[in-house]
Protein chains: 2
Amino acid sequence: MSDPGSRILIVDDEAGIRRFLHASLESRGYSIHEASTGEEALQVVPAFRPDLILLDLGLPGMGGKQVTSSLREWTQTPIIILSVQGDESEKIAALDAGADDYLTKPFGAGELLARIRAALRRVGQQEGGPVFVTGELTVDLVGRSVRLGGEDVQLTPTEYSLLKAFVVHANKLLTHRQLVREVWGGAHYEDTQHLLRVNISNLRRKLEADPTRPHYILTEPGVGYRLRAESRVSAAPSNV
Amino acid sequence: MSDPGSRILIVDDEAGIRRFLHASLESRGYSIHEASTGEEALQVVPAFRPDLILLDLGLPGMGGKQVTSSLREWTQTPIIILSVQGDESEKIAALDAGADDYLTKPFGAGELLARIRAALRRVGQQEGGPVFVTGELTVDLVGRSVRLGGEDVQLTPTEYSLLKAFVVHANKLLTHRQLVREVWGGAHYEDTQHLLRVNISNLRRKLEADPTRPHYILTEPGVGYRLRAESRVSAAPSNV
DNA sequence: TGTCCCCTTGACGCATTTCTGACGCAACAG
DNA sequence: CTGTTGCGTCAGAAATGCGTCAAGGGGACA
């Protein structure tokens, strides 16, 4: 699963290349920002906070190598160098300045995208995963932690499995059958229907302020349950 | 600053290339190990524990792409693919399988070394500072020393390996499977699950003030364990 | 050859989790 | 008003998982 909303900064002095890259990447769901000089790039980065930087080596004025060094003084955002030159000593210098990757033009759009994915994958796994938030409730599916108003909530494996099903299908109605299948696998429905009720009850006791009048886990009589969600999946607090 | 003692595994079926790479890298101070097939590589990795892997794509039998996928099931050790082919779709497939970089032969030795430095630099800074501190506990991954409130703690190799896994993934949940794989390599899970419990117990006896109520190594019932680390996140807990 | 340390395995007690059954309550239809 | 149905809660039994202790085996080293 790729991270669709990643922000990418394109730094190149040629408008044609910027436009080409912009279109290619935007169609893949990335958010794009452009800069045409190294000085502009350094200004823009703190504001735009890109997840990755595509940097042309042959910029007028401050060169790509120098930009890389300046950025590396305070951020480890992945930098992929694009260059028309194939000279090896330049590659080495750029990589040692702090760049993560180096592509020589002309390159295939597919390869660039793959290298972008590889770079984003690396930083992605050291950050906390996406976090689901609604009201006081916070669920981190990657870290497998649940918090309620700042305090950790201890859930048993089945309870967590149940809550996970709700979070994945937030705001959608889940029938008894669907829930039973997601939590207990292919078990018979008839036998486990009551079990579902018991676990819903246990879960509510741990999550709801007043289990009699549930606020998060709503019951749809005769059909199933639904998790009330106000907000969307948001990124974890980035630790820079 | 590069880490001079880094261990590198070379996987290639041609003895000539292995010899050439071996010589080039060893003269730079790296410790080298060789493997001639993909199967051998998968066997060797848990024992040799390389910091980086140079992997030929065109191996007889199990191909480099498949080796990459298998390794990525349990380790994030950087993998740099070496290939005679320039075909773009192969590059993309290899990168998406989990490789970190891709070089097409023939390549300059200088560029390879630079890309190795770049990959090693990344994992180096990912592990945080050279010393990990939380509460009374101090772990020096470089010097392989553990201190508890000023006093040295003597750990057996397995215990240290276990603690290292916790420190590298501080504050994150580690499943039983993950821990077994990181400490005992590709061994069968079923057999070693109990072994894990014993070593956790031993580790706690040496690190925890009251092993009955652990403060550092927390157990997540039914799933795994987690090392409690002081959060370096600057964001304050939201008290809305 | 002997000693020591570490790894491994088995057995056991304890705690938690899961499951099952029984009961009260509310909504609804006849 | 009464019976039915579905939902939620409670409590006890069965199952599972976890942590600890202790003994055997194997390798390193003197």
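Predicted, not measured: the structure shown is a model, and the values here were computed from it. Throughout, protein chains are lettered first and strands after them, A, B, ... in sequence-line order, and every chain is numbered starting at 1.
Remark: P of D:dG19 and CG of B:Leu162 are 12 Å apart, rounded to the nearest angstrom. We find that CD1 of B:Ile200 is positioned 14 Å from C1' of D:dG17, with the value rounded to whole Å. To the nearest angstrom, C1' of D:dG8 lies 8 Å from OH of A:Tyr225. Between A:Gln154 atom CD and C:dT16 atom P there is a gap of 11 Å when expressed in whole angstrom units. The CG atom of A:Leu203 sits 13 Å away from the P atom of C:dT17 (whole-angstrom rounding). Nucleotide D:dC18 holds its C1' atom 15 Å from the CG atom of B:Leu179, rounded to whole Å. Counting to the nearest Å, the C1' atom of D:dT5 and the CD atom of A:Gln193 are 11 Å from each other. B:Leu218 places its CG atom 14 Å from the P atom of D:dC18, with the value rounded to the nearest Å.
Exactly one of B:Leu162, B:Asn202, B:Val146, B:Val139 qualifies for a side-chain contact (heavy atoms from CB on, under 4.5 Å) with B:Leu155. That residue is B:Val146. No option in B:His33, B:Arg18, B:Arg19 other than B:Arg18 meets the side-chain contact (heavy atoms from CB on, under 4.5 Å) test with B:Ile10.
Residues meeting the ring pair (Phe, Tyr, Trp, His ring centres under 6.0 Å) test with B:Tyr160, sequence neighbours left out: none.
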Can you pull every protein N or O that's under 3.5 Å from an N or O on nucleotides 6-13 of chain C?
unit_1 : atom_1 : unit_2   : atom_2 : d
C:dC7  : OP1    : B:Thr158 : N      : 3.0
C:dC7  : OP1    : B:Thr158 : OG1    : 2.1
C:dC7  : OP2    : B:Thr156 : OG1    : 3.0
C:dC7  : OP2    : B:Thr158 : OG1    : 3.1
C:dC7  : O5'    : B:Thr158 : OG1    : 3.0
C:dT8  : OP2    : B:Trp184 : NE1    : 2.9
C:dG10 : N7     : B:His194 : NE2    : 3.4
C:dG10 : O6     : B:His194 : NE2    : 3.2
C:dA11 : N6     : B:His194 : NE2    : 3.4

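The main-chain N or O of B:Asp101 is never found under 3.5 Å from a side-chain atom of B:Arg115 such that the two would form a donor-acceptor pair. Judged by distance alone, the side chain of B:Glu208 and the main-chain N or O of B:Tyr216 form a donor-acceptor pair under 3.5 Å.
Counting all heavy atoms, side chain and backbone alike, B:Ile8 lies closest to B:Phe48 at O-CE2, 3.6 Å. Among all heavy-atom pairs drawn from A:Phe166 and A:Arg226, the shortest one is CE2-N, 4.1 Å.
For the pair A:Thr219 and D:dC7, the criterion of a side-chain N or O lying under 4.0 Å from OP1 or OP2 is not met. Phosphate contact (OP1/OP2 of D:dG8, side-chain N/O of A:Arg204, threshold under 4.0 Å): present. Contact annotation: A:Arg197 side-chain N/O to D:dC7 OP1/OP2 distance is under 4.0 Å.
Nearest nucleotide to the side chain of A:Arg205, out of D:dC18, D:dC10, D:dC7: D:dC10.
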